[in-house]
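Convention: sequence-line order gives letters A, B, ...; per-chain numbering from 1.
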Amino acid sequence: MSTAHSGYYLPHDAHWPIVGSIGLTTMLGGFGAWLNGADVGPWVMAAGFVILLVMMFGWFGTVIRENLAGLYNEQVDRSFRWAMGWFIFSEVMFFAAFFGALFYARVFAVPWLGGEGDKYLTHELLWKGFEAVWPLLQPPIAAVDPSANPYALPKGIIETWKIPALNTLILLSSGVTVTWAHWGLKKGNRGQLILGLIATIALGVTFLALQAHEYVHAYEELNLKLSSGIYGSTFFMLTGFHGLHVTIGATMLTVILLRAIAGHFTPDNHFAFEAVAWYWHFVDVVWLFLFVFVYWI
Amino acid sequence: MSTATATHEAHHEEPPRGLKRWLFTTNHKDIGTLYLVFSLIMLFVGGIMALVIRAELWEPGIQYVDPQFFNAMTTMHGLIMVFGAIMPAFVGLANWLIPMMIGAPDMALPRLNNWSFWILPFAGAMLLSTLFMEGGAPAAGWTMYPPLVLQTGEAFPFLIFSVHLLGISSIMGAINIIATILNMRAPGMTLMKMPLFVWTWLITAYLLIAVMPVLAGAVTMLLTDKYFGTSFFNAAGGGDPVMFQHIFWFFGHPEVYIMILPAFGVISQVIPTFARKPLFGYSSMVYATASIAFLSFIVWAHHMFTVGMPLAGELFFMYATMLIAVPTGVKVFNWVATMWRGALTFETPMLFAVAFVILFTIGGFSGLMLAIAPADFQYHDSYFVVAHFHYVLVTGALFAIFAAVYYWLPKWTGHMYDERLGKWHFWLSVISVNLLYFPQHFLGLAGMPRRYADYAVQFTEWNQVSTIGAFAFGLAQLIFVYVVWKTVRGGRKATAQVWEGARGLEWTLPSPPPYHSFTEAPEVK
């Protein structure tokens, strides 16, 4: 299988990883200090983030230069493909943890608190008056002892067939435009590639803007917050991490757009484009699950 | 441009000197060495914590440390041994061996390889720094169960973030190993010709990328529960503390196979060499490894039998867990069958491998006892459990790592190790480790709970035996450090094949091997 064996490019003197480690540690250390109430925390965190950005500029820049210099053969390209594919799989499993929490809460935890099955006595003794429904607008403590309730009680939830449905349409369309851009790239039509990428980024940004609007609506008008009990917890953590991934994806697409404009890609050598397209489709598929399980049913 | 290095330069290349070599290295052997040295240091750090625990348990009552610190020691000992010692040691072995075993010039993604390692010292330092924080180090157990863990002081966010960092490192390492094995094999090295160590690591790498992100998610939920008002693990808000246990053990059970599958791989390399026979049942070993990996995803709740679960859940997880005995039994059978009528010799690697087969099997059987839900109601959270998982992780995983180091050290350094000292290390370890852990079975069955600084007076004798064993075992490891140090410094020259019965591509390279393993692909028949 590995015919190009002796031509496999092996880099030397990797300076960027250690910078990345310092950046990550500074960022997380600053965040931890911030959570512990230290005033310098946010600044240290921001400094760590900047170090990480510098690292990414440097590291990716080096890889791009090496690629343009023709140092990467087909086998190196395959290594990148395997790596990106399994990286996306690891991201899928990260989301799986939060979906797992959502399903566990809906199928087990909340019904049990409501006295389902052999949990009747627990309900009678501890959570009498709590009604197990989903969406859960009134957490158990609010039903049992309103004076002890620390949670923000929502007046309602986000309506499925308004912004979320529109956002579904937007993200699905962006999957189409990025594929159209890929077709352009494979035909050697740079105009189509650039236009397709611009459309994809625009759709992504629109999605994020609508999502931000939805969050403001939830916080300001519905009183639906991260601290609204298990419903708010699962809602904001799932949609929030998804939004973060859309932001990362849109950023990567922008880099790809700039590289497309600079003429980095050829019809048969453009793995960076494909990697980002894969990532974008992954973000898209996660959204479909969110739409069905968080917003809809 | 700094990128002019083409591979033809690599043929006659020498490693750079000084600190820069280690900080910026992209070489699989250098990175493997870094991993192994790091894990050895962590083994001693975690080991000292274990000795604090055993010293305090010398007598009933509170002797040397306060109970909060005692609990911090059990917690940190667990985290450091799992994430700092055992896992990095196996990644170090993977780095050193996989490219040599499959006929590759290096790992597929050398820069990423550097980063995978260099996150570790930072994560380890962050974790250890919690010992000096307001409120002390985390003390709620390495499993970090809420609500107890949420009472951690200033250490809490750093506990969470160090777990995140360790996870990032593991995921990147695993991705690299998968890309290497799938993409860098020499022509003719088909999947079913790969040495078992490579196979077990391929499967382990899949386990890692499947479950480390889940752990990251679980601890992120802990973080938001403590600081951002979520209520994932709080019943008052509609959540459930037991939910954390489910998510944690969905990670945690595959995690224990992450620590033992590469050990199976090592043993499957060592035993055939010293039995001078090919491994019995190679393909069944591959399928058994894959079966164990698959089963590891559907047995997690056997860690939670007493926590409250529907009967159907108890039954499902009990039977699914017992199923694991089948592929594991296949493996033990194959190792024994490989030795059957072999021309056996007992050099140090083989001694550790044989001890592994016997003692790991004891740990496997006590695991089978724990799998029986109604029986587990008695054993749960007792010293029986502690004995069980130390038999699989110390006489299992750690002994396999010792076997691997003695087996490949001559290849790595070009020098034979001191066989006499190696045997001393083995015999002292194997005797002391049984003194250390075997009595804990009795203590657990007699009802001594784990994770307490104090105990009832009737448990004293066996605790004292255990503590004597612990200190003897700890001291015996100094011999190991001395043997390794001495071998690195010098010794009788090792041949390329090193061991008479050794088979595989790594033994075709000189000892020590060139800086880049196979710059030209070897031919595999």
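Per-residue counts of heavy-atom pairs under 4.5 Å with chain B were compared for Leu226(A), Asp145(A), Val63(A), Leu35(A); the largest is that of Leu35(A). Chosen from Pro150(A), Ala152(A), Pro11(A), Ala96(A), the residue pairing most often with chain B at heavy-atom distances under 4.5 Å is Pro11(A). Of the listed residues (Pro310(B), Pro110(B), Ala235(B), Ala218(B)), the one with the most heavy-atom contacts under 4.5 Å to chain A is Ala235(B). Among the candidates Gly238(B), Gly308(B), Gly239(B), Ala123(B), the residue making the largest number of heavy-atom pairs closer than 4.5 Å to chain A is Gly238(B). When each of Thr234(A), Asp118(A), Leu136(A), Asn149(A) is scored by its heavy-atom pairs under 4.5 Å with chain B, the top score falls to Thr234(A). The greatest number of non-hydrogen atom pairs below 4.5 Å with chain B, out of Ser228(A), Gly37(A), Ala83(A), Gly117(A), is found for Ala83(A). Among Phe228(B), Trp118(B), Tyr206(B), the residue with the largest count of heavy-atom pairs under 4.5 Å with chain A is Tyr206(B). Per-residue counts of heavy-atom pairs under 4.5 Å with chain B were compared for Gly20(A), Ala142(A), Ala148(A), Gly100(A); the largest is that of Gly20(A). Interface summary for chain A: among Gly229(B), Ala236(B), Ala179(B), Ser116(B), the most heavy-atom pairs under 4.5 angstrom belong to Ala236(B). When Ser79(A), Ala132(A), Gly114(A), Pro139(A) are compared by the number of non-hydrogen pairs under 4.5 Å with chain B, Ser79(A) comes out ahead.
The contact between Ile209(B) and chain A is made by backbone and side chain atoms together, counting heavy-atom distances below 4.5 Å. For Met55(A), the part lying under 4.5 angstrom from a heavy atom of chain B is the side chain only. Neither the backbone nor the side chain of Trp34(A) comes within contact range of chain B; no heavy atoms are under 4.5 Å apart. Proximity to chain A involves both the backbone and the side chain of Met243(B), based on heavy atoms less than 4.5 angstrom apart. Contact of Phe232(B) with chain A is made through backbone and side chain together, with heavy-atom distances under 4.5 Å. With a threshold of 4.5 angstrom between heavy atoms, Leu223(B) approaches chain A through side-chain atoms but not through N, CA, C or O. The part of Met107(B) that comes within reach of chain A is its backbone (N, CA, C, O), which places non-hydrogen atoms under 4.5 angstrom from that chain. Residue Phe158(B) touches chain A through its side chain alone, counting heavy-atom pairs closer than 4.5 Å. Residue contact with chain A, scored on non-hydrogen atoms closer than 4.5 Å, involves the side chain of Ile247(B) exclusively. Proximity to chain A involves both the backbone and the side chain of Leu23(B), based on heavy atoms less than 4.5 angstrom apart. Interface remark: Thr224(B) contributes side-chain atoms only to the contact with chain A (heavy atom separation under 4.5 Å).
Note that the CG atom of Leu52(A) and the CG atom of Leu24(A) stand 4.5 Å from one another [nearest 0.5 Å].
Aromatic ring orientation, Tyr231(A) versus Phe235(A): parallel (interplanar angle below 30°, classes split at 30° and 60°). In this pair, Phe117(B) and Phe38(B) present their aromatic rings perpendicular. The plane angle is above 60°, beyond the 30 to 60° band. In this structure, Phe293(A) and Phe289(A) have parallel ring planes: the angle between them is below the 30° cut-off, well short of the 60° mark.
Between Phe95(A) and His245(A), the distance separating the two ring centers is shorter than 6.0 angstrom. Remark: aromatic rings of Phe24(B) and Trp16(A) are distant, center separation not under 6.0 Å.
Looking at Asn73(A), its side chain does come within 3.5 Å of a backbone N or O of Gly7(A) through a donor-acceptor pair. Under a 3.5 Å cut-off, the side chain of Trp300(B) and the backbone N or O of Phe250(B) do not form any donor-acceptor pair.
Residue Phe282(A) qualifies as enclosed at atom CZ: its count of foreign heavy atoms under 6.0 Å is above 12.
Side-chain contact of Thr230(B) with Ser233(A): a donor-acceptor pair under 3.5 Å is absent, judged by distance alone.
Glu66(A) and Arg111(B) are joined by a salt bridge, as a carboxylate oxygen and a charged side-chain nitrogen come within less than 4.0 angstrom of each other.
Both the sub-6.0 Å distance and the 45° axial angle are not jointly satisfied by Lys225(A) relative to the ring of Phe236(A).
Within the 4.5 Å cutoff, side-chain heavy atoms of Met221(B) are placed close to those of Phe98(A).
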